[in-house]
Amino acid sequence: MKQSNLFGRTLREAPSDATTPGTQLMLRAAIARPLAAGLYTWLPLGFRVARKVEQIIREEQDRIGAQELRIPVITPAEYWKETGRWDTLEPVSFRTKDHNGRDYMIGYTHEELVMHHARNEILSYRQLPAMVYHFQEKGRDEERPRAGLLRVREFVMKDAYSIDRDWEGLNEQYWAQHGAYAKTFARMGLDAISVESDTGNMGGDVAHEFQVLTDVGEDRLVFCTNCDYKANMEKATRKIESAAAAPSNVPAATPIATPGITSIDALTSSLKIAPKDLLKTLLMKDLTGNVVAIVMPGDRELNEPKLRKVLKTSDVKFANDTDFAAVGAVPGYIGPTLATLAEQGPLPLGLNARLLVDASVETRPYVAGANKKDTHVRDVLPGRDFKGETVDVHDVREGDPCPKCGGRVTIKRGVEVGNIFKFGPYYAEKMKATYLAEDGTHKPLMFGSYGIGIGRAVQTIIETHHDARGIIWPLAVAPFQIHLLPLFSKDESVRESAEVLLKELEFMGLEVLYDDRDDSPGVKFADADLIGIPFRLTVSARTVKENAVELKRRDEEKATLVPRGEIVSKMRSLVGERRR
RNA sequence: CGGGGUGUAGCGCAGCUUGGUAGCGCGUUGCGUUCGGGACGCAAAGGCCGGCGGUUCAAGUCCGCCCACCCCGACCA
């Protein structure tokens with residue numbers, strides 16, 4: 001491939017809105033170009049990388065017996081309506097109608113469609129297990145695309161679906177995919193680790209995400225510094241010391257005047273106590289508008305995914321003024337319902353809402369809101385003065401004890417490059433997808449789903465494989481294997497020599513980008529470093545004179561001279577025996 | 001969807017406070033000289049100053065509305 005013909009030019013400076021190092025390099029190296037917010041065109045260089053990433057995934061999927069098929073991008077509404085996702089995906093999906101007015105969605109994902117085909121193709125247990133996958137565009141009207149290809153509104157995903165008879169079969173396929181994912185990411189140079197993740201509200205108890213640690217990651221991950229515990233923040237828990245017996249000498253709860261003091265900060269400074277000695281009470285509501293009160297220590301943060309799971313809802317929001325009024329809450333002075341004080345008269349009845357008490361609330365006296373303007377209450381003893389359902393809805397934080405071994409946990413950022421998920425019978429039950437079992441009964445198909453985002457993988461490779469000069473592609477996914485740079489001079493022998501070498505390398509099936517541009521050496525070297533092809537070969541008057549070729553690996557500083565007679569076989573062995 | 005920011009030549013930016021001829025660097029085109037780490041000279045092309053409306057003799061600059069893009073938070077591969 002002649003570089004002068006390459007569609008897409010390198011940029012000396014990155015556009016100012018490219019913020020992450022990888023995004024800047026992705027744009028500068030002509031991997032992809034933005035078309036609109038969250039919509040990117042692969043340029044030829046990037047598309048070659050994407051195809052190699054796909055091929056690695058394909059090989060590893062095939063290896064565990066998954067079969068490739070292809071489901072359309074445009075999907076009819078009827079299947080989504082069967083599971084109710086026609087409505088729940090409304091805010092985040094692209095939709096259209098045909099000329100007859102029928103509704104369609106650009107596939108947000110493809111579970112419903114796979115399940116539809118499965119119920120038609122699979123009638124008997126004899127046809128199970130089955131596993132299929134495809135590479136297909138997903139359309140997601142993300143509210144906030146970011147960081148180049150990391151989060152976009154249209155992207156190719158490899159999504160695989162396993163279908164089996166029972167949990168045991170599902171489990172086997174799940175772990176087969178887990179193994180395939182580990183190999184897949186390793187092959188493309190991604191150091192991905194599997195962490196437990198939230199299963200959302202679609203049933204199933206196990207899900208893993210494959211995460212690559214990098215500061216540009218959107219997810220926060222909790223690791224134990226002592227054992228192998230690792231989990232997404234959305235799922236992570238911490239060890240909580242078993243509740244100590246309630247201290248017996250706690251005075252009765254007493255209202256105190258706190259005029260105008262409505263925040264944790266204000267309370268800590270005016271009462272001279274620490275945030276951890278305060279109780280904060282949050283009012284949240286679920287999708288259907290039910291309001292719940294959550295009591296947690298003043299120094300802890302609410303974890304919304306955990307709360308959603310407790311409430312079995314797909315969305316939670318902070319309550320608004322109307323909600324406050326409806327449950328009898330006073331903004332700034334909200335607290336758990338203190339039954340005794342309410343009965344005795346000094347305080348109003350309290351909240352008319354379901355009360356959840358976070359597990360991090362200890363059995364010791366706290367200061368809490370009184371549900372009365374300008375008033376708090378001291379010596380509030382959980383269990384004695386109020387009761388609620390104990391739930392774990394707080395964020396784990398740096399230094400908390402590990403739930404597994406009690407060691408300290410640490411928090412890092414990561415990019416989710418893949419996830420695997422056991423749905424179980426969830427979709428089959430919604431879509432009446434059953435098979436005839438050996439015992440003559442109809443049973444639901446057990447379902448698992450497994451996704452990898454291609455563009456995100458490519459962007460993550462760049463984010464984790466670069467230096468100040470440019471990208472450093474792992475050989476397996478590099479757009480080309482060899483970058484051949486002739487340093488032209490008056491002496492035509494350089495051009496002749498380079499072009500003969502090019503032919504020989506290409507004849508061996510090696511992928512070569514040939515920089516035939518009439519530019520100065522500095523420009524060529526700088527572009528070569530930017531584009532990041534693993535092996536750079538330089539042919540110049542100097543090397544021709546010595547009957548040699550200069551070889552430099554992108555990931556090493558030093559270059560070596562290789563005799564002309566050996567260079568082709570040397571490159572062949574460096575790149576590997578793989579032929580097209 | 002909440003909060004913040006930015007729109008001026010292909011890219012990076014200045015000009016806006018204080019209204020009066022649209023600029024700089026890089027890149028691009030032509031010619032010449034160079035040729036091992038983003039070369040040099042000469043000449044040139046390239047802008048509806050995001051859009052619409054307003055104020056004004058006069059708007060890139062002031063005012064209003066809209067649009068687009070980016071960043072931070074909540075959701076996803």
Side-chain angles (χ1 to χ4, degrees), chain A residues 9-20 23-24 27-28 33-39 53 57 88-89 91-93 108-110 135-160 181 192 197-198 200-201 209-212 218-220 232 234 284 301-305 307-308 314-318 415-421 449-460 469-470 485-491 494 517-530 536 538-543 550 552 559:
Chain A
R9 65 197 180 91
T10 56
L11 307 175
R12 190 178 286 199
E13 289 175 281
S16 59
D17 52 21
T19 48
T20 72
T23 309
Q24 291 167 0
L27 293 170
R28 287 187 55 211
R33 291 283 179 252
L35 190 62
L39 299 175
V53 165
I57 297 171
T88 56
L89 291 178
V92 287
S93 57
Y108 183 92
T109 170
H110 283 82
F135 291 92
Q136 185 57 288
E137 299 285 347
K138 309 293 180 226
R140 299 187 177 182
D141 196 1
E142 293 282 351
E143 292 148 63
R144 197 165 93 72
R146 72 174 280 273
L149 303 170
L150 217 51
R151 182 157 64 167
V152 294
R153 298 195 297 166
E154 181 195 301
F155 62 99
V156 173
M157 185 197 291
K158 182 287 300 179
D159 38 328
Y181 270 41
S197 68
D198 181 30
N201 61 335
E209 291 167 347
F210 283 78
Q211 292 272 359
V212 175
E218 305 179 279
D219 290 338
R220 286 176 303 163
N232 193 302
E234 297 175 356
M284 306 292 293
E301 298 301 322
L302 175 69
N303 184 302
E304 289 193 21
L307 178 64
R308 276 198 296 276
S314 59
D315 194 22
V316 291
K317 284 192 166 69
F318 282 97
V415 174
E416 180 185 358
V417 289
N419 76 5
I420 60 176
F421 204 114
S449 105
Y450 314 90
I452 297 176
I454 309 305
R456 178 176 287 186
V458 172
Q459 182 75 55
T460 306
R469 295 174 185 277
L485 309 199
L487 303 184
F488 297 136
S489 64
K490 281 188 209 113
D491 185 359
V494 170
R517 300 173 303 167
D518 193 19
D519 275 309
S520 70
V523 170
K524 292 187 176 190
F525 287 138
D527 268 350
D529 288 339
L530 174 59
R536 187 185 83 189
T538 307
V539 176
S540 67
R542 188 195 298 170
T543 68
E550 182 193 273
K552 182 182 171 297

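Chain identifiers are assigned alphabetically (A, B, ...) following the order of the sequence lines, protein sequences preceding nucleic acid strands; residue numbering begins at 1 within each chain. Fair warning: this is a prediction, and the values are worked out from it, not measured in the lab.
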Mind checking if [X] touches a base, just sugar-phosphate, or nothing, with heavy atoms under 4.0 Å?
X: A14(A); result: sugar-phosphate
X: P145(A); result: sugar-phosphate
X: R33(A); result: nothing
X: V152(A); result: base
X: S540(A); result: base
X: A147(A); result: sugar-phosphate
X: V156(A); result: nothing
X: E209(A); result: nothing
X: D527(A); result: base
X: L11(A); result: nothing
X: T10(A); result: nothing
X: R153(A); result: nothing

Write down the atom of [X], the atom of [Y], and the distance for their closest heavy-atom approach.
X: P145(A); Y: G38(A); answer: CB-CA, 3.6 Å
X: Y181(A); Y: K158(A); answer: OH-NZ, 2.8 Å
X: L27(A); Y: L11(A); answer: O-CD1, 3.9 Å

Could you state the atom-to-atom distance from [atom1] of [X] to [atom2] of [N] in whole Å?
X: L149(A); N: rA77(B); atom1: CG; atom2: P; result: 17 Å
X: I57(A); N: rA77(B); atom1: CD1; atom2: P; result: 14 Å
X: L27(A); N: rC70(B); atom1: CG; atom2: C1'; result: 12 Å
X: R12(A); N: rG10(B); atom1: CZ; atom2: P; result: 18 Å
X: D519(A); N: rU34(B); atom1: CG; atom2: P; result: 17 Å
X: F210(A); N: rC76(B); atom1: CZ; atom2: P; result: 19 Å
X: Q24(A); N: rC70(B); atom1: CD; atom2: C1'; result: 13 Å
X: D518(A); N: rC35(B); atom1: CG; atom2: C1'; result: 9 Å

Look through every strand shown and name the nucleotide pairing with [N] as Watson-Crick or G-U wobble, where both distances are under 3.5 Å.
N: rC35(B); result: none
N: rC69(B); result: rG5(B)
N: rC62(B); result: rG54(B)
N: rC13(B); result: rG23(B)

Measure from the side-chain N and O atoms of [X] to the backbone N and O of [Y], and report whether any donor-acceptor pair falls under 3.5 Å.
X: R153(A); Y: A37(A); value: yes
X: R456(A); Y: V417(A); value: no
X: R28(A); Y: T10(A); value: no
X: K524(A); Y: R517(A); value: yes
X: E416(A); Y: Q211(A); value: no

Q) Is there a donor and acceptor pair, one atom on the side chain of R28(A) and one on the base of rG38(B), closer than 3.5 Å? A) yes

Which nucleotide in the set [options] lies at the smallest distance from any side-chain heavy atom of [X]?
X: P15(A); options: rC11(B), rA74(B), rC71(B); answer: rC11(B)
X: F525(A); options: rG27(B), rG36(B), rG25(B); answer: rG36(B)
X: Y108(A); options: rC76(B), rC69(B), rA77(B); answer: rC76(B)
X: R536(A); options: rG36(B), rA77(B), rG37(B); answer: rG37(B)
X: E13(A); options: rG25(B), rG36(B), rC76(B); answer: rG25(B)
X: V523(A); options: rG36(B), rG38(B), rC76(B); answer: rG38(B)
X: A526(A); options: rA74(B), rG38(B), rC75(B); answer: rG38(B)
X: K552(A); options: rA39(B), rG37(B), rG36(B); answer: rG37(B)

Distance check, [atom1] atoms only: [N] and [M], in whole angstrom units.
N: rG5(B); M: rA9(B); atom1: C1'; value: 23 Å
N: rG47(B); M: rG23(B); atom1: P; value: 13 Å
N: rG60(B); M: rG51(B); atom1: P; value: 10 Å
N: rC26(B); M: rC40(B); atom1: P; value: 8 Å
N: rC49(B); M: rG15(B); atom1: C1'; value: 10 Å

(Q) Quick check: on RNA chain B, is the nucleotide nearest R140(A) upstream (toward 5') of the one nearest R146(A), or the reverse? Name the residue that is more 5'. (A) R146(A)

Q. Relative to the 5' end of RNA chain B, which residue comes earlier, F488(A) or R151(A), by the nucleotide with the nearest heavy atom?
A. F488(A)

Q) Does the ring of F155(A) lie flat against the base of rA77(B), closer than 5.5 Å centre to centre with planes under 30°? A) yes

Q. Under 4.0 Å between a side-chain N/O of S520(A) and OP1 or OP2 of rA39(B), yes or no?
A. yes

Q.
How about CZ on R220(A), more than 12 heavy atoms from neighbouring residues, nucleotides or ligands closer than 6.0 Å, or not?
A. no

